[in-house]
*Asks:* 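Submitted below is the structure of interest, expressed as structure tokens.
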Amino acid sequence: MYVCMCHGVTTQAVAEAVANGADSTKKVAEATGAGSTCGRCKATIRNIIAAVQAGEALQPPPPKRRADRWI
Amino acid sequence: MGQLLRIFGDVTTYPPPASHVLAAEYVAPDLEGLWSHMTSFELDLDQIGTRHVVVYSALREPNRVFVTVGIRHDQPVETVLRSPQVFDWFDAAGVTDLPPLFVGETLEKLQVCNIDEHAHSDHASVVVAAIVPVADVDLLVRQIHERVDRFHEAGVLKIWVYRALDSGTEVMVLQEIDTEEHAARWIDEPDASMSWIRNAGAGFYPPLFVGRMARVQHFSGDQRDG
């Protein structure tokens, strides 16, 4: 997925930058360019930072009665 | 083979137009603004090669939408993404924080059930959409074909699979299911080939989306392309 429309930066690129130590939107912008122009993707970048730091980037949510959440 | 354009004696080769789908899941505070934009700004959207727009609305939260936009273009996808039309789309719906955007190409469009069978039903079908990482995209498509009878039994009407342009292991899967009850059962107890559904919403991926088609609009190029 693309996070930053202005610079065509992907979620993977941001996640890699975070894994390499970019722990703020400012550092992610310095590393990838994401969020450095219009800034409207910063909320998504913050979510990626939190997910990577929590080590849950690919962890599934709890499986019990999942459908109750949507239907 | 690209198209050739002769200008003042020079021959320039352009890549052939590519068909892609853009998709995102987000909360649209201003749904009326979104509908108005879809109907009033056809020419605006046509500038980025838009062929169709489909908006699905979540069952539990009508302002939560899943939008797919089919485009046919001959420019780098990054150029499309930074175009004013993409930003105008989100602005029209009152969206300030941009959601991550899936950009992919069609891998599979499978009609599982004869639509006429469902046409006699009183129930409106449900769409279950997910953007997820999978270990092997080709294996996923193969398994879907192998287990199509199982999908039919579960009430699945159609399956669309798209592969992300920026990741060989990321897919968007849309499934149309005949009733809410069958959709709930399918989410709780998916077929083995759909076990990836349990990864929906993991980490920075968008949550599983369950909703119904709210609006669809075809643009002039859609008919031209057939």
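Protein chains get the first letters and strands the later ones, always in sequence-line order, with residue 1 at the start of each. Bear in mind the structure is a predicted one, so any value in this text is a computation, not a measurement.
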*Asks:* Please tabulate, one pair per line, all N/O donor-acceptor pairs under 3.5 Å involving side-chain atoms of residues 15-24 of chain A, not counting sequence neighbours.
*Replies:*
from	atom 1	to	atom 2	distance (Å)
Asn20(A)	ND2	Glu16(A)	O	3.1
Asp23(A)	OD1	Lys27(A)	NZ	3.1
Ser24(A)	OG	Lys27(A)	N	3.1

*Asks:* Please report the interatomic distance CD1(Ile48(A)) to OH(Tyr205(B)), rounded to the nearest 0.5 Å.
*Replies:*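 With rounding to 0.5 Å, CD1 (Ile48(A)) is 9.5 Å from OH (Tyr205(B)).
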*Asks:* If you take all heavy atoms of Phe90(B) and Arg40(A), which pair is closest and at what distance?
*Replies:* CB-NH2, 4.1 Å
*Asks:* Drop me the distance from Thr11(A)'s OG1 to Phe102(B)'s CZ, to the nearest 0.5 angstrom.
*Replies:*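 So the OG1 of Thr11(A) and the CZ of Phe102(B) are separated by 10.5 Å.
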*Asks:* Roughly how far apart are Tyr2(A) OH and Leu101(B) CG, rounded to 0.5 Å?
*Replies:*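 Result: 9.5 Å between the selected atoms.
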*Asks:* Pick whichever of Cys41(A), Cys6(A), Ala43(A) has the most heavy-atom pairs under 4.5 Å with chain B.
*Replies:*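 When all of Cys41(A), Cys6(A), Ala43(A) are compared, Cys6(A) has the most.
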*Asks:* So if I take each residue of residues 164-172 of chain B and look for any heavy atom under 4.5 Å from a heavy atom in chain A, which residues do I end up with?
*Replies:*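 The list, in residue order, reads Asp166(B), Glu170(B).
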*Asks:* Do Val3(A) and Phe204(B) make a side-chain contact, defined as non-hydrogen atoms from C-beta onward lying under 4.5 Å apart?
*Replies:* no
*Asks:* Just to verify, what does Ser36(A) make a side-chain hydrogen bond (donor to acceptor under 3.5 Å, both in side chains) with, not counting sequence neighbours?
*Replies:*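 So Ser36(A) forms a side-chain hydrogen bond (donor to acceptor under 3.5 Å, both in side chains) with His7(A).
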*Asks:* Checking heavy atoms, do the side chain of Pro99(B), its backbone, both or neither come under 4.5 Å from chain A?
*Replies:* backbone
*Asks:* Is Val128(B) in contact with chain A via its backbone, its side chain, both, or neither, using a 4.5 Å heavy-atom distance?
*Replies:* neither
*Asks:* Under 4.5 Å, counting heavy-atom pairs only, tell me which of Thr79(B), Asp91(B), Val86(B), Val80(B) racks up the most with chain A.
*Replies:*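 With the most close heavy-atom pairs to chain A, the winner is Asp91(B).
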*Asks:* Against chain A, label Ile131(B) side chain, backbone, both or neither, depending on which of its atoms sit under 4.5 Å from a heavy atom there.
*Replies:*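 Only the side chain of Ile131(B) comes within 4.5 Å of chain A.
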*Asks:* Taking only residues two or more places apart in sequence, or in another chain, which ones meet Trp186(B) in a side-chain hydrogen bond (donor to acceptor under 3.5 Å, both in side chains)?
*Replies:*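 Partners of Trp186(B) under the side-chain hydrogen bond (donor to acceptor under 3.5 Å, both in side chains) test: Gln175(B).
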*Asks:* Go through the atoms of Cys4(A) and report whether side chain, backbone, both or neither lie under 4.5 Å from a heavy atom of chain B.
*Replies:*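 The answer is neither part of Cys4(A).
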